[in-house]
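All remarks here apply to the structure that follows.
Below, chains carry the letters A, B, ... as their sequence lines are ordered, and counting in each starts from 1.
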Amino acid sequence: MTSVQTEQQDLIFGSLNDQQRAAVEHINGPVLILAGAGSGKTRALTHRIAFLIQQGVAPWQILSVTFTNKAATEMKERIKNLLHLVEEDSDFGFRSTDFKTGRLPVMGTFHSICVRILRRDIEKLGRDRNFVIYDSDDQEKLMKQVLKELHIEEAELKPRAALAYIGRFKSEALNPKEAQEQATSDRMQKVAQAYARFQTRLREANAMDFDDLILETVRLFHECPDVLSRYQETWKYLHVDEYQDTNHAQYLFITMLAQKYGNLCVIGDPDQSIYGFRGADIRNILEFEKDYPKAIRIKLERNYRSTQPILTAADAVIAANPNRPEKRMWTERTEGPQIIVNEVRDERREAEEAIRAVQDIQRQGTALREQVILYRTHAQSRLFEEACMRAGIPYRILGGVKFYGRKEVKDVLAYLYVILNPNDTVSMLRIINIPSRKIGDTTLGKLQAHAAARSLSLWDTLLDVQNVTDLDGGTKARIDTFTRIILKYKELLARDVVSVLARDLIDELKMEDWLKEGTQEGEERWLNVQELLTVMRKYDSLEPQVSLTSFLEEVALVSEVDKLTEGRSDALTLMTLHLCKGLEFEHVIIVGCEEGLFPHSNSMFDKEQLEEERRIMYVGMTRARTWLRLMFAQNRFLWGENKSGAPSRFLDDLPDAVVERRSDDMLSAFAWATGSAEQRMRGGKLEPFRQHADVDIEFKQDMSFDDASQENDADVGSRIEHPTFGRGTVIARRGDIVDIQFDGGKKKTFALSIAPLKVI
DNA sequence: CCCGCTTACGTTTTT
DNA sequence: CGTAAGCGGG
């Protein structure tokens with residue numbers, strides 16, 4: 001071995017624990033890595049890939065599927081450092097259609113990888129490689145048209161509902177025909193019908209939605225064995241991160257690739273599966289060893305992120321879920337602040353208190369970028385945003401009204417889509433009257449009738465507008481103006497990069513004038529357009545047409561979390577619990593911990609959905625390194641009504657030993673210290689429960705008194721002794737958490753790793 | 001065809 | 001409550 005190689009080996013293995021090392025070393029055959037929260041799985045994965053390369057595997061033979069583009073970028077960076085790769089090729093992943101180049105592995109989300117495959121090979125399915133990608137907004141517009149065509153009333157089947165069903169079908173890799181065969185009810189027949197028509201329309205527009213990207217790739221593999229075989233030979237080493245959140249279509253994709261060499265390494269944590277609603281199938285990870293009987297299973301159980309109180313609390317919450325693989329997370333950070341459970345009067349107070357807590361921690365020296373407020377639904381964000389503004393705290397919100405979802409931004413993008421592909425009817429309809437050209441529903445109706453009668457596309461009809469009989473001359477002229485603009489820029493496509501093209505277009509459309517309208521809002525919209533132009537400049541160095549397609553591609557596939565890397569400024573982050581997966585912060589505040597909101601009322605009465613809600617809570621809690629605060633409001637203004645809800649049932653599971661309860665008013669602070677959420681719901685009103693306060697205080701003293709209790713391994717039935725409560729019997733055990741019936745009559749819950757218990 | 005007002009409806013969660 | 005679609009008068 002050369003000295004460089006030795007040095008690389010040291011870098012790769014030097015800092016790993018035994019389990020991580022095992023994960024890195026087992027490079028051949030199927031490997032299942034069960035990686036608990038904060039267990040250094042990204043580290044294991046990057047080191048594993050670096051090791052593969054160091055062992056002589058060509059980088060392009062390695063495929064790694066990540067959950068976000070941000071994760072892919074970060075991992076590439078780390079691999080570069082491990083291998084001392086100095087050259088800049090961070091952009092390689094997106095643009096090249098030739099996979100067998102580059103000094104870094106192919107990394108990206110399922111969606112971005114599939115797009116690259118399709119751009120390269122989809123012509124083998126008889127489709128055009130310049131397809132556009134429809135987002136949910138576009139989908140909804142198209143579905144509305146489809147339902148209209150099929151004479152399905154909105155009351156019978158709402159576009160969103162139809163799309164939700166279709167999404168289900170697609171994630172299960174069912175085509176319209178199969179959906180039809182499955183449909184038993186009248187309603188599902190209609191859905192299947194809509195599905196079929198929807199796909200036809202997509203195809204006519206040369207468009208795909210997100211799910212199609214995966215499905216069409218699977219279909220391509222299926223129908224063109226030579227293509228599949230080529231990719232199997234290219235990517236001999238496969239990795240999938242966050243495997244617990246893959247759906248069936250994604251499962252098929254990766255399974256087909258793995259068929260030949262079987263070098264598939266999947267990483268995940270069943271306790272963090274939170275995307276069931278969009279078809280993620282937790283069985284993919286739970287049954288991996290059935291699919292691959294020879295799989296090696298590695299568990300990463302050491303947590304490098306959080307303090308013991310945080311782990312204990314999170315563990316206690318997740319322990320209530322059934323059918324979990326055995327897992328015992330541990331940390332060397334045995335000391336840490338208590339989890340704060342904070343009761344407030346109402347949602348306004350909640351926002352104020354949360355911001356105050358953030359400022360508190362900030363004063364102690366933790367930057368805002370290290371802090372986050374997590375909520376269950378986007379709708380909750382507004383009050384926190386307002387509280388930030390009042391307090392003068394810089395913040396950034398992920399999700400909600402997305403930048404690329406803004407009307408003015410989508411308008412510009414729609415122009416670009418149409419210039420690239422005039423058959424994109426959804427985009428065409430979006431912009432044909434923007435800015436106003438007096439082409440309204442009446443005119444469009446006539447155009448569409450003309451198109452239908454001659455089976456022309458809308459675009460061809462526009463080109464042929466002089467022959468549309470029942471339009472007056474003025475209208476024809478205005479349509480002509482529009483077509484000319486599109487044709488003009490279509491020609492410029494070969495000459496101008498996207499930023500130049502778009503700038504000229506925006507000038508020609510006089511967007512600044514009609515966007516601004518002299519209002520504050522208008523000013524902001526214009527700024528958004530300029531911001532978009534700035535983003536485009538990143539693509540200036542590419543070939544003109546490639547610069548446009550690359551730009552549109554990246555825009556279509558950016559996730560909210562990808563944007564976290566943008567902007568270096570120090571700001572507090574606000575986002576939904578779903579978006580926080582894979583991230584970590586010094587200080588985490590989870591708000592709205594109330595029955596009906598979290599767990600959400602739509603998920604409260606279904607066993608499996610409720611389990612998923614619990615996992616969402618687990619994910620949120622385990623993002624915290626040092627401080628964790630859970631908040632709930634006694635009253636909340638929801639849907640125009642003031643509702644008083646019970647604290648979330650998840651709070652019931654927190655062991656008293658690691659919790660400090662705070663409240664707007666002390667009397668009610670302890671009111672809910674005992675009794676289940678369900679009981680409190682039934683009882684309606686909260687009941688003062690002062691006598692338990694002293695028990696809590698007593699208990700806290702026990703904490704400091706503890707030192708040598710970690711070795712205890714009590715199981716159900718074990719007799720134990722506690723310095724304050726005396727002797728008792730373990731009556732239940734869930735991981736680190738035990739319930740103890742004391743001989744004196746009291747029943748208490750403890751965390752084994754913390755409580756001063758002695759097995760006797 | 002456009003604008004402004006009224007009404008209906010909604011809130012899970014996302015690539 | 002807040003927003004977005006929908007309607008009717010200009």
Side-chain angles (χ1 to χ4, degrees), chain A residues 65-72 108-115 133-137 139-141 144 154-155 158-161 163-164 167 170-171 208-215 242 245-247 249-250 273-280 347-348 374-383 398-402 404-405 407 433 435-445 474-475 478 517 553-563 575-581 592 596-604 606 609-610 612-613 615-617 619-620 636-643:
Chain A
V65 184
T66 56
F67 201 68
T68 61
N69 295 307
K70 178 172 172 264
T109 61
F110 275 107
H111 293 89
S112 63
I113 289 165
C114 286
V115 169
I133 301 165
Y134 275 8
D135 67 10
S136 47
D137 218 53
Q139 281 180 310
E140 208 171 317
K141 284 194 172 131
K144 274 189 186 155
E154 185 138 350
K158 289 181 194 141
R160 281 166 137 242
L163 286 166
K170 287 185 175 178
S171 59
M208 294 201 208
D209 63 20
F210 290 126
D211 297 322
D212 286 343
L213 298 174
I214 317 289
L215 265 188
E242 306 282 7
D245 277 323
T246 51
N247 65 29
Q250 293 164 336
S273 170
I274 58 173
Y275 283 98
F277 71 91
R278 69 168 191 211
E347 76 277 9
R348 305 192 79 83
L374 301 171
Y375 34 77
R376 180 66 180 79
T377 68
H378 284 305
Q380 290 163 259
S381 67
R382 216 191 70 246
L383 284 167
L398 267 55
V401 188
K402 298 163 183 158
Y404 292 111
K407 184 181 176 301
N433 201 31
S436 171
R437 299 183 178 89
K438 300 193 190 297
I439 304 171
D441 286 344
T442 326
T443 309
L444 280 172
T475 310
R478 289 194 295 270
E517 324 170 312
E553 196 120 303
E554 208 169 308
V555 161
L557 297 178
V558 280
S559 72
E560 285 302 308
V561 176
D562 295 338
K563 292 183 222 157
M575 63 180 151
T576 64
L577 283 145
H578 279 85
L579 289 172
C580 77
K581 194 172 65 159
L597 187 58
F598 189 24
H600 197 274
S601 52
N602 291 3
S603 308
M604 267 167 69
D606 177 283
Q609 288 186 62
L610 188 58
E612 182 152 310
E613 293 285 312
R615 291 193 291 266
I616 295 169
M617 178 57 110
V619 168
R636 180 174 295 271
F637 225 87
L638 219 54
W639 304 297
E641 240 186 314
N642 207 353
K643 294 210 168 131

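- Using a 4.0 Å heavy-atom criterion, one finds that A:L597 contacts no nucleic acid atom at all.
- In this model, the phosphate group of B:dT14 is approached by a side-chain N or O of A:T576 to a distance below 4.0 Å at OP1 or OP2.
- Remark: P of B:dC1 and CZ of A:R437 are 14 Å apart, rounded to the nearest angstrom.
- An aromatic stack links A:F277 and the base of B:dT13, using centre distance under 5.5 Å and interplanar angle under 30°.
- Nucleotide B:dT14 holds its P atom 4 Å from the NE2 atom of A:H378, rounded to whole Å.
- Side chains of A:Q139 and A:S136: a donor-acceptor N/O pair is absent below 3.5 angstrom, by distance only.
- Taking atom CG of A:D137 as the reference point, atom C1' of C:dA5 lies 14 Å away to the nearest angstrom.
- Among B:dC2, B:dT13, B:dT15, the nucleotide with an atom closest to any side-chain atom of A:L579 is B:dT15.
- Among the heavy atoms of the strands, none lies under 4.0 Å from A:F67.
- Judged by centroid separation below 5.5 Å and plane tilt below 30°, A:H600 stacks onto the base of B:dT12.
- Here the closest non-hydrogen pair linking A:Y275 and A:E612 is N-OE2, 3.7 Å.
- Going from atom NZ of A:K407 over to atom P of C:dT3 covers 17 Å, rounded to whole Å.
- One atom, CD of A:E347, and another, C1' of B:dT11, lie 15 Å apart when rounded to the nearest Å.
- Mapping A:L444 and A:K158 onto DNA chain B by nearest heavy atom places A:L444 at the nucleotide closer to the 5' end.
- Distance from the side chain of A:R382 is smallest to C:dG2 among B:dT13, B:dT12, C:dG2.
- Taking atom CG of A:L610 as the reference point, atom C1' of B:dT13 lies 15 Å away to the nearest angstrom.
- Every residue was checked against the side chain to side chain donor-acceptor pair (under 3.5 Å) condition with A:N433, not counting sequence neighbours, and none meets it.
- Shown here are the side chain to side chain donor-acceptor pair (under 3.5 Å) partners of A:N247, two or more places apart in sequence or in another chain: there are none.
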Exercise for review: Show your working on side chain to side chain contact (heavy atoms under 4.5 Å, CB included) between A:L213 and A:L557 and close with a plain yes or no.
Suggested key: CA-CA 11 Å; A:L213 298 174; A:L557 297 178; 4.1 Å; yes

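- Atom-to-atom, CZ of A:R376 to C1' of B:dT11 comes out at 10 Å; the value is rounded to the nearest Å.
- Mapping A:T443 and A:R278 onto DNA chain B by nearest heavy atom places A:T443 closer to the 5' end of the strand.
- Note on A:R160: a side-chain N or O is less than 4.0 Å away from OP1 or OP2 of B:dT11.
- Atom NE2 in A:H578 sits roughly 9 Å away from atom P in B:dT13 (whole-Å rounding).
- Relative to the side chain of A:T377, the nucleotides C:dG2, B:dG10, B:dT13 differ in distance, and B:dT13 lies closest.
- Between A:N433 and B:dC2 there is a side-chain polar atom (N or O) within less than 4.0 angstrom of OP1 or OP2.
- Across all strands shown, A:I616 has no heavy atoms under 4.0 Å from either base or sugar-phosphate atoms.
- In this structure, A:H578 and A:F277 have perpendicular ring planes: the angle between them is above 60°, well past the 30° mark.
- Listed nucleotides B:dT11, B:dT13, B:dT12 differ in distance to A:Q609; the shortest reach to its side chain belongs to B:dT12.
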